[in-house]
K.L.:
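Shown below is the structure under consideration.
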Amino acid sequence: MHLPKHKGTIVLLITLVLLGATFGAVKMKAENDSNTPFTVQIDNSKPQGSNDYTITTGIAKHWINDEGTQRQTYGAQYDCTVRNNTNLDITRWKVVIEVPGAEKEDIVVDSYWNGDYVYEDGKITFTAGEKVDPIRAGMDAGFGAVIISKGLMKFDSYVLTGYKDKPLTSYFNFWFVMVLFVVWCTSVVAYILYRVRDAHFERYKKNMDSIISQSMNTFANLVDAKDPYTKGHSTRVSYYTARIAEKLGFHEEEVRNVGYIALMHDCGKIGIPDEILTKPAKLTEEEFKIMQGHTTYGGKVLKDFNAIDGIVEGALYHHERYDGGGYPEGLKGDKIPLYARIICVADALDAMNSDRCYRPHLPPDVIKQELKGNAGTQFDPDIVECALELIEEGKILLGLHDKIATAEKRDKKDKKEKKDK
């Protein structure tokens with residue numbers, strides 16, 4: 001599969017935009033589903049089943065201050081753990097801890113961590129700071145303080161408040177987008193590799209086309225050089241053939257190939273003696289038979305050239321007639337390969353439009369009349385119709401020889417005048 005240039009890039013960009021829009025929609029929904037406030041009372045002194053949230057407090061270490069005096073107190077490090085057993089994150093949370101039987105003066109908070117501390121009306125309130133915010137689903141967070149009190153304390157009653165936050169990863173569409181994004185990234189890599197390989201192949205193909213074209217043009221020029229009157233004939237026939245093929249709806253590669261085939265249509269003339277090829281008078285019957293042999297000789301020359309389909313048939317059958325009266329095999333109608341039928345018209349068109357050793361070029365009106373008059377006999381009528389349309393459209397120009405001769409005379413005159421000056 002060959003991707004048209006830029007279209008693959010556009011498809012990838014559009015896909016990325018759609019993925020971004022879908023991700024944005026999922027993120028917006030997640031934000032709308034979040035920020036749901038909640039409050040839960042937790043009392044560890046009472047029997048209870050499974051809870052969405054659990055809080056426990058333990059004494060990591062403790063010591064006695066002023067032991068045996070009236071000022072004796074206990075210092076202890078209290079570590080608290082909040083466990084989130086739900087599938088939702090919680091944010092901006094805080095824990096209110098009730099301190100039973102304690103007065104304000106009985107409690108001194110020496111230090112605390114992972115939150116802000118407030119002690120008021122027999123209750124200690126810890127508000128989560130950034131270090132422990134949020135508590136992810138299925139995870140826990142800790143905070144604590146070093147408290148000086150009359151005795152070691154046991155905490156059983158808590159109030160947890162906060163906001164439920166549904167994580168983005170809990171949405172199916174999030175993972176769907178992620179999978180598509182991975183596919184997209186893979187596609188980008190594959191597309192880049194394809195483009196690199198395709199560019200390399202295109203350069204190789206252009207190089208090979210250039211080699212084939214130069215080789216064929218060199219050989220065609222060698223053939224045309226045998227007869228000064230047919231100089232450039234193969235190139236012009238190639239051009240006319242390609243334009244007719246375009247008119248018939250051939251795709252680009254076929255047009256290029258049929259142009260190459262037409263370029264080589266007269267390669268068999270390399271084996272025709274010069275005295276026959278350039279004879280200004282009418283050929284004898286024996287000489288004409290020798291001249292006809294250029295088609296079969298061309299087929300033999302090209303028989304091992306298989307890079308372009310139809311090149312042998314183009315050289316071999318371009319002198320077959322639509323009514324079956326041509327040579328070398330007398331093929332008729334559609335039995336003649338299409339490429340050969342196109343070259344037949346293009347070859348005759350250039351022959352009439354060129355000066356030959358036995359006659360000057362024909363006027364444009366005569367050329368068009370000859371094409372029309374021989375449609376269905378010598379030529380395929382559909383191909384003649386295409387050729388005439390191309391002439392009317394100006395894509396095939398007739399009578400250029402007179403214009404070129406006039407231009408050459410004018411150039412010579414201008415050069416002479418400049419030289420005289």
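Bear in mind the structure is a predicted one, so any value in this text is a computation, not a measurement.
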K.L.:
By the definition side chain to side chain contact (heavy atoms under 4.5 Å, CB included), identify the one residue from V384, I367, V237 that meets it with L349.
P.N.:
I367
K.L.:
Please test R195 against Y191 for side-chain contact (heavy atoms from CB on, under 4.5 Å), starting from the C-alpha separation and ending with a verdict.
P.N.:
CA-CA 6 Å; R195 277 298 175 206; Y191 179 73; 3.3 Å; yes
K.L.:
For Y53, which residues count as a ring-ring contact (aromatic ring centres under 6.0 Å, His included) partner, sequence neighbours excluded?
P.N.:
F38
K.L.:
Determine the minimum heavy-atom distance between A141 and W93, stating which atoms define it.
P.N.:
CB-CZ2, 4.0 Å
K.L.:
Can you establish whether the number of heavy atoms outside H251 located under 6.0 Å from its atom NE2 is more than 12?
P.N.:
yes
K.L.:
Any side-chain heavy atom of E287 sitting closer than 4.5 Å to one from K282?
P.N.:
no
K.L.:
Could you pull out all donor-acceptor pairs under 3.5 Å where a side-chain atom in residues 292-305 meets a protein atom, sequence neighbours excluded?
P.N.:
{"residue": "H294", "atom": "ND1", "partner": "M291", "partner atom": "O", "Å": "2.7"}
{"residue": "H294", "atom": "NE2", "partner": "D266", "partner atom": "OD1", "Å": "3.3"}
{"residue": "H294", "atom": "NE2", "partner": "H318", "partner atom": "NE2", "Å": "3.4"}
{"residue": "T295", "atom": "OG1", "partner": "Q292", "partner atom": "O", "Å": "3.0"}
{"residue": "T296", "atom": "OG1", "partner": "G293", "partner atom": "O", "Å": "3.0"}

K.L.:
For the residue pair C80 and T57, what are the closest heavy atoms and their distance?
P.N.:
SG-OG1, 3.0 Å
K.L.:
So, using salt bridge (charged side-chain N to carboxylate O under 4.0 Å, His left out) as the criterion, who are the partners of D323 when residues are at least two apart?
P.N.:
R321
K.L.:
Run the salt-bridge test on E286 and K289 with the 4.0 Å N-O cut-off and return the result as yes or no.
P.N.:
no
K.L.:
Using a 6.0 Å cut-off, check whether atom CE of M139 has over 12 heavy atoms from anything other than its own residue.
P.N.:
no
K.L.:
Mind checking whether L316 and E313 have side chains closer than 4.5 Å, heavy atoms only?
P.N.:
no
K.L.:
If we ignore hydrogens and angles and just use 3.5 Å, is the side chain of Q77 paired with the main-chain N or O of A145 as donor and acceptor?
P.N.:
no
K.L.:
Report the C-alpha separation of Y78 and I59 in whole Å, then their side-chain angles, then the decisive distance to 0.1 Å, and conclude whether the side-chain contact (heavy atoms from CB on, under 4.5 Å) test is met.
P.N.:
CA-CA 5 Å; Y78 296 90; I59 298 176; 3.6 Å; yes
K.L.:
Check ring-ring contact (aromatic ring centres under 6.0 Å, His included) between Y112 and all other residues, then give those that pass, not counting sequence neighbours.
P.N.:
Y117
K.L.:
Look only at the side chain of D140 and the backbone of V82, and say whether a donor-acceptor pair between them is shorter than 3.5 Å.
P.N.:
no
K.L.:
Report yes if the side chains of L398 and K368 come closer than 4.5 Å at any heavy-atom pair, otherwise no.
P.N.:
yes
K.L.:
If you take all heavy atoms of A245 and V258, which pair is closest and at what distance?
P.N.:
CB-CG1, 3.7 Å
K.L.:
Considering all heavy atoms of both residues, which atom of G138 and which atom of R83 are nearest to each other, and what is their separation?
P.N.:
O-NH2, 2.7 Å
K.L.:
Check whether H200 reaches the backbone of R197 with its side chain - one donor and one acceptor, N or O, closer than 3.5 Å.
P.N.:
no
K.L.:
To the nearest 0.5 angstrom, please state how far the CG atom of L19 sits from the CG atom of L180.
P.N.:
5.5 Å
K.L.:
At their closest point, which heavy atom of W63 faces which heavy atom of A76, and how far apart are they?
P.N.:
CH2-N, 4.0 Å
K.L.:
Quick one: are Y158 and E98 in side-chain contact, heavy atoms under 4.5 Å?
P.N.:
no
K.L.:
After noting the C-alpha distance and the side-chain angles of I311 and M264, does the key distance pass the side-chain contact (heavy atoms from CB on, under 4.5 Å) rule?
P.N.:
CA-CA 8 Å; I311 195 168; M264 300 300 294; 4.1 Å; yes
K.L.:
Are there more than 12 heavy atoms of other residues, nucleotides or ligands under 6.0 Å from atom CD of E252?
P.N.:
no
K.L.:
Is C386 close to D382 at the side-chain level, that is, under 4.5 Å between some pair of heavy atoms?
P.N.:
no
K.L.:
Compute whether any side-chain donor of one residue and acceptor of the other, for Y239 and R243, lie under 3.5 angstrom apart.
P.N.:
no
K.L.:
Could you tell me if the side chain of L390 sits less than 4.5 Å from the side chain of I244, heavy atoms only?
P.N.:
yes
K.L.:
Do side-chain atoms of T161 reach the backbone of T39 as a donor and acceptor pair under 3.5 angstrom?
P.N.:
no
K.L.:
How long is the straight-line distance from OG1 of T218 back to CG of L263, given to the nearest 0.5 Å?
P.N.:
9.5 Å
K.L.:
Heavy atoms, side chains only, cut-off 4.5 Å: are S157 and I97 in contact?
P.N.:
no
K.L.:
I135 and side chain to side chain contact (heavy atoms under 4.5 Å, CB included): which single residue from T91, D165, T86, I90 fits?
P.N.:
I90
K.L.:
How long is the span from the CG atom in D52 to the CG atom in N85, to the nearest 0.5 Å?
P.N.:
7.0 Å
K.L.:
Quickly, which of R341, K335, E329 forms a side-chain hydrogen bond (donor to acceptor under 3.5 Å, both in side chains) with Y317? Name it, please.
P.N.:
E329
K.L.:
Is there a side-chain contact (heavy atoms from CB on, under 4.5 Å) between F143 and V95? Walk through the geometry before answering.
P.N.:
CA-CA 10 Å; F143 62 92; V95 176; 4.0 Å; yes
K.L.:
Within a radius of less than 6.0 Å around CZ of F174, do more than 12 heavy atoms belonging to other residues, nucleotides or ligands occur?
P.N.:
yes
K.L.:
Let me confirm one number: the CD1-CD distance from I290 to E275, rounded to the nearest 0.5 Å.
P.N.:
8.5 Å
K.L.:
Is there a side-chain contact between E254 and E246 (heavy atoms, below 4.5 Å)?
P.N.:
no
K.L.:
What heavy-atom pair brings S238 and A262 nearest, and what distance separates the two atoms?
P.N.:
CA-CB, 3.6 Å
K.L.:
Which residue pairs pass the ring-ring contact (aromatic ring centres under 6.0 Å, His included) test with at least one member in residues 322-348, sequence neighbours excluded?
P.N.:
H319-Y327
K.L.:
Are side-chain N/O atoms of S354 and R236 paired as donor and acceptor at under 3.5 Å?
P.N.:
yes
K.L.:
Any chance you could measure Y163, atom OH, to L88, atom CG, to the nearest 0.5 Å?
P.N.:
15.5 Å
K.L.:
Working to the nearest 0.5 angstrom, can you tell me the gap between F23 CZ and L16 CG?
P.N.:
12.0 Å
K.L.:
Could you please spell out the steps behind the salt bridge (charged side-chain N to carboxylate O under 4.0 Å, His left out) verdict for K332 and E320?
P.N.:
CA-CA 7 Å; K332 182 177 181 180; E320 296 286 1; over 6 Å; no
K.L.:
Identify every side-chain donor-acceptor pair in residues 371-378 under 3.5 Å, counting partners at least two apart or on other chains, and give the distances.
P.N.:
{"residue": "N374", "atom": "ND2", "partner": "E370", "partner atom": "O", "Å": "2.8"}
{"residue": "N374", "atom": "ND2", "partner": "E370", "partner atom": "OE1", "Å": "3.4"}
{"residue": "T377", "atom": "OG1", "partner": "N374", "partner atom": "O", "Å": "3.0"}

K.L.:
Would you find more than 12 non-hydrogen atoms of other residues, nucleotides or ligands less than 6.0 Å from D309 atom CG?
P.N.:
no
